[in-house]
Protein chains: 2
Amino acid sequence: MMNIQEIDSDKLEMAASMLKAIAHPVRIAILKHLEGGKKLTVTEIHELLGIEQSTTSHHLGILKDKGVLCSRREGKNTYYYLKHDILSQIVDCLQRCTCE
Amino acid sequence: MMNIQEIDSDKLEMAASMLKAIAHPVRIAILKHLEGGKKLTVTEIHELLGIEQSTTSHHLGILKDKGVLCSRREGKNTYYYLKHDILSQIVDCLQRCTCE
DNA sequence: TTAACAGATGCAAATATATGAATATTTAGC
DNA sequence: GCTAAATATTCATATATTTGCATCTGTTAA
């Protein structure tokens, strides 16, 4: 049985873990490249951002695990894309707040 | 002299650090209590959330340091409040995404 | 000035996160 | 089958974050 406080604290944990997934400069950069429904492979992202392949894969795994991204395998490639395009607005909203 | 990439990477760092400030269950709970322009003291928050005074003060310090909150001292009390009320929308947006 | 309250800060221990080298897995083509 | 390409995973190290106790600072009122 789950009481009100547990449910509420679960929701907080879930929101925090999703936000935490996004709250990293590399991962924000990834989101920006995926805005507008774009789909990119691990290699494309790793080359676009100039970071190691394994580091890229780790970051993508975190974003997927926390429900920010989805992925689809097509042959040798795995395409990653935004689960909710709304999420990229969070970053834009933030940048409006940080740039004043 | 600053080149384009440095500026861009600075913006990413700034957005990430603001998001990181928010991305914690206790700090999201604090934001929710401050929605709509409310101002609360450290003691009020510490009692509302049932967490230690010093822990509360640390969390508030992080939120203030990263530009999420402002504070005003009035006598013995320090009132904390949202710098941009827009920021509380981020959490709502997130919760819409996490609850489907 | 002292007492009492409100808040901030220093510190340490526990825990979590980030990164990349090395290795494993998956898939396509031969 | 074998090889190469793309991605994922394991592991270790470095670094950052969280928490709370103890303490310090600032403020009010007697």
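Below, read A as the first sequence line, B as the second, and so on, with proteins coming before strands; counting in each chain starts at 1.
With rounding to whole Å, B:Ile28 atom CD1 is found 15 Å from D:dT18 atom C1'. Across the protein-nucleic acid pair, A:Arg72 atom CZ and D:dT7 atom P stand 15 Å apart, rounded to whole Å. Taking atom CD on B:Glu47 and atom C1' on C:dG7, their separation rounds to 13 Å, with Å as the unit. The distance between atom CG of B:Asn77 and atom P of C:dC5, rounded to the nearest whole Å, is 13 Å. When the C1' atom of D:dT19 is taken as reference, atom NE2 of B:His46 falls 15 Å away, rounded to whole Å.
In terms of the side chain to side chain contact (heavy atoms under 4.5 Å, CB included) criterion, B:Asp65 has no residue partners (sequence neighbours excluded). By the side chain to side chain contact (heavy atoms under 4.5 Å, CB included) test, A:Lys64 pairs with A:Ser71, A:Tyr80, sequence neighbours left out. Under the side chain to side chain contact (heavy atoms under 4.5 Å, CB included) criterion, B:Gln53 pairs with B:Val42, B:His46, B:Ser57, sequence neighbours left out. Evaluation of the ring-ring contact (aromatic ring centres under 6.0 Å, His included) rule for A:His24 yields A:His59 as partners, not counting sequence neighbours. Remark: B:Ala16 engages A:Pro25, A:Ile28 in a side chain to side chain contact (heavy atoms under 4.5 Å, CB included) (not counting sequence neighbours).
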Between protein and nucleotides 24-30 of chain D, what N or O pairs are separated by less than 3.5 Å?
none

Check the interface with nucleotides 15-21 of chain C: list each N/O to N/O pair with the protein under 3.5 Å, or write none.
| unit_1 | atom_1 | unit_2 | atom_2 | d |
| --- | --- | --- | --- | --- |
| C:dT17 | OP1 | A:Lys20 | NZ | 3.4 |
| C:dA18 | OP1 | A:Arg27 | NH2 | 3.2 |
| C:dA18 | OP2 | A:Arg27 | NH1 | 3.4 |
| C:dT19 | OP2 | A:His24 | NE2 | 3.3 |
| C:dT19 | OP2 | A:His59 | NE2 | 2.7 |
| C:dG20 | OP2 | A:Thr55 | OG1 | 2.9 |
| C:dG20 | N7 | A:Ser54 | OG | 3.3 |
| C:dA21 | N6 | A:Ser54 | OG | 3.4 |

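In this structure a side-chain-to-backbone donor-acceptor pair under 3.5 Å is present from A:Arg73 to A:Gly75. In this structure, A:Arg27 contributes its side chain and A:Ala21 its backbone to a donor-acceptor pair below 3.5 Å.
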Enumerate, atom names and distances included, each donor-acceptor pair closer than 3.5 Å involving a side-chain atom of residues 29-40 of chain B, sequence neighbours excluded.
none

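For a distance-only test at 3.5 Å, the side chain of B:Gln53 fails to qualify as a donor-acceptor partner of the base of C:dA6.
Using a 4.0 Å heavy-atom cutoff across all strands shown, A:Thr41 reaches sugar-phosphate atoms only and no base atom. Using a 4.0 Å heavy-atom criterion, one finds that B:Tyr80 contacts the sugar-phosphate atoms exclusively.
Every pair tested for salt bridge (Lys or Arg N to Asp or Glu O under 4.0 Å) that includes a residue from residues 42-57 of chain A fails, sequence neighbours excluded, so the list is empty.
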